[in-house]
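See below for the structure under consideration.
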Amino acid sequence: MPLRLIFMGTPDFSVPTLLELVSHGHEIAAVYTRAPKPGGRRGLQFQPTPVEEAARKLGVPVLTPKSLKTPETLDEFRAFDADAAVVVAYGMILPQAILDAPKLGCYNLHASLLPRWRGAAPINRAIMEGDAESGVMVMKMDVGLDTGDVAMAERLAITDNMTAVDLHDRLSRLGADLMVRAMAALARGGLQLKKQSEDGVTYAAKIDKAEARIDWSRPARAVLRHIHGLSPFPGAWAELENARVKILRCELAKGSGAPGEVLDDQLTIACGEGAIRILELQREGKARMQATDFLRGVPVKPPMRLG
């Protein structure tokens, strides 16, 4: 039985869930997303969010309130008479009055294995901390920060060659399927909820650009996970010949030396323990490129060093 839903989301990560809900026959009464931001070359054009662009193509009403706490916004939300709200990376806190408005509640798709990595940057933090797996969970929302009861989950292994954007894209698709299954269970009255454990709670703080500088004194795998966890944005960086270079993809390599030391002419760089080989990088003001292309224009070899 299809549900009448309000969808709340903003970035690319949210779009597959919106599209899957529509394709499975659910009625989207309205889409809530963040207001367009200035963009374009000179910042003079307002860029709608990916969710707004998708909703417009579907012919669904789009709302971009600056706050969900005003009486007018609450009345408007209630007027849609939704069975449930689906929230995927919306970017605004839902007050209790909004959470209480849909008949069956509000359900969030979160990109971690809760209670690990509650908060803003679970995908990045899982990779950066060396986690063996990540996943997506559907939870019924409460006023806490990702503290609601969990309904369903899917797990996904994190490999050393996986960057944040790789994990993002896979979890986005996995989450869309999971939310469709959760809404089907909700519609037939079979969605079971389980309280989160208070053991193992961690918080995924928003990524600070100050974290992006590479510390070559760390072990090679820790350096690799740091690089991949920040790829492509904001991008982990090092200095080469007094110029900043973002490193976007790498692999573990054989070799040893002083931290940051260039070990050969193939961009193998020594770490505190072991070494990595750079596979993809980006100079300031330039497009990202493969290491092989970079080396044709910028020979890098011993005894050079990355700062």
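In this text, all values refer to a predicted model and were calculated from it rather than measured experimentally.
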Output yes when a side-chain donor or acceptor of [X] lies under 3.5 Å from a complementary backbone atom of [Y], and no otherwise.
| X | Y | answer |
| --- | --- | --- |
| Lys254 | Ala275 | no |
| Thr49 | Thr33 | no |
| Gln282 | Lys286 | yes |
| Asp146 | Gly119 | yes |
| His26 | Glu20 | no |
| Lys246 | Pro234 | yes |
| Thr64 | Ala35 | no |
| Arg155 | Glu133 | no |
| Arg305 | Pro259 | yes |

Kindly compute the distance separating [atom1] ([X]) from [atom2] ([Y]), expressed to the nearest 0.5 Å.
| X | Y | atom1 | atom2 | answer |
| --- | --- | --- | --- | --- |
| Gln96 | Met141 | CD | CE | 10.5 Å |
| Tyr90 | Asn108 | OH | CG | 13.0 Å |
| Phe7 | Leu58 | CZ | CG | 10.5 Å |
| Lys301 | Leu295 | NZ | CG | 11.0 Å |
| Asp160 | Leu252 | CG | CG | 5.5 Å |
| Met183 | Leu178 | CE | CG | 9.5 Å |

side-chain contact (heavy atoms from CB on, under 4.5 Å), paired with Asp83, selected from Glu27, Met1, Arg4:
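Filter result, single survivor: Arg4.
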[X] versus [Y], closest heavy-atom pair with distance:
| X | Y | value |
| --- | --- | --- |
| Ala258 | Ala270 | O-CB, 3.3 Å |
| Pro302 | Asp265 | CD-N, 4.5 Å |
| Ser67 | Lys69 | OG-N, 3.0 Å |
| Ala164 | Asn124 | CB-ND2, 3.9 Å |
| Ala205 | Ala121 | O-CB, 3.5 Å |
| Leu94 | Val87 | CD2-CG2, 4.0 Å |

Val88, Leu5: one ILVMFWY side-chain cluster at the under-4.5 Å cut-off?
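As far as the 4.5 Å side-chain criterion goes, Leu5 and Val88 are connected within one cluster.
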Group every Ile, Leu, Val, Met, Phe, Trp and Tyr by side-chain heavy-atom contacts under 4.5 Å, then state whether Met8 and Met137 land in the same group.
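Unlinked, Met8 and Met137 end up in two clusters.
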Given the rule in the side chain to side chain contact (heavy atoms under 4.5 Å, CB included) test, do Leu191 and Tyr107 qualify, once you have shown the distances and angles that lead to the verdict?
CA-CA 11 Å; Leu191 189 66; Tyr107 295 85; 3.7 Å; yes
Is there side-chain contact between [X] and [Y], with at least one heavy-atom pair below 4.5 Å?
| X | Y | answer |
| --- | --- | --- |
| Val262 | Ile269 | yes |
| Met162 | His228 | no |
| Met128 | Glu211 | yes |
| Leu171 | Glu154 | no |
| Ile127 | Thr163 | no |
| Arg296 | Met289 | no |
| Leu167 | Ser134 | yes |
| Val298 | Glu241 | no |

Should side-chain heavy atoms under 4.5 Å link Ile, Leu, Val, Met, Phe, Trp and Tyr, which residues sit in the same cluster as Trp237?
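Members other than Trp237 - counting any ILVMFWY side chain reachable under 4.5 Å - there are none.
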For [X], I'd like to know if atom [atom1] has over 12 heavy atoms of other residues, nucleotides or ligands within 6.0 Å.
| X | atom1 | value |
| --- | --- | --- |
| Gln192 | CD | no |
| Lys37 | NZ | no |
| Arg118 | CZ | yes |
| Leu19 | CG | yes |
| Glu273 | CD | no |

Determine, stepwise, if the pair Ile276 / Ile227 fulfils side chain to side chain contact (heavy atoms under 4.5 Å, CB included).
CA-CA 11 Å; Ile276 64 154; Ile227 288 168; 3.7 Å; yes
Below 4.0 angstrom, N of the basic side chain to O of the carboxylate: do Arg56 and Glu52 qualify?
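The answer is yes: the pair qualifies as a salt bridge.
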Apply side chain to side chain contact (heavy atoms under 4.5 Å, CB included) to Lys66 and Met92, showing your working.
CA-CA 9 Å; Lys66 293 182 179 179; Met92 290 178 67; over 6 Å; no
Kindly write out the residues that satisfy side-chain contact (heavy atoms from CB on, under 4.5 Å) with Ser256, not counting sequence neighbours, or none if the list is empty.
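For Ser256, no residue satisfies side-chain contact (heavy atoms from CB on, under 4.5 Å) once neighbours in sequence are set aside.
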For the pair His110 and Val150, evaluate side chain to side chain contact (heavy atoms under 4.5 Å, CB included) and give the outcome as yes or no after the intermediate values.
CA-CA 10 Å; His110 186 72; Val150 172; over 6 Å; no
Considering only residues two or more places apart or on different chains, which pairs with a residue in residues 162-171 satisfy salt bridge (Lys or Arg N to Asp or Glu O under 4.0 Å)?
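Checked against salt bridge (Lys or Arg N to Asp or Glu O under 4.0 Å) - neighbours excluded - the pairs reaching residues 162-171 are Asp166-Arg249.
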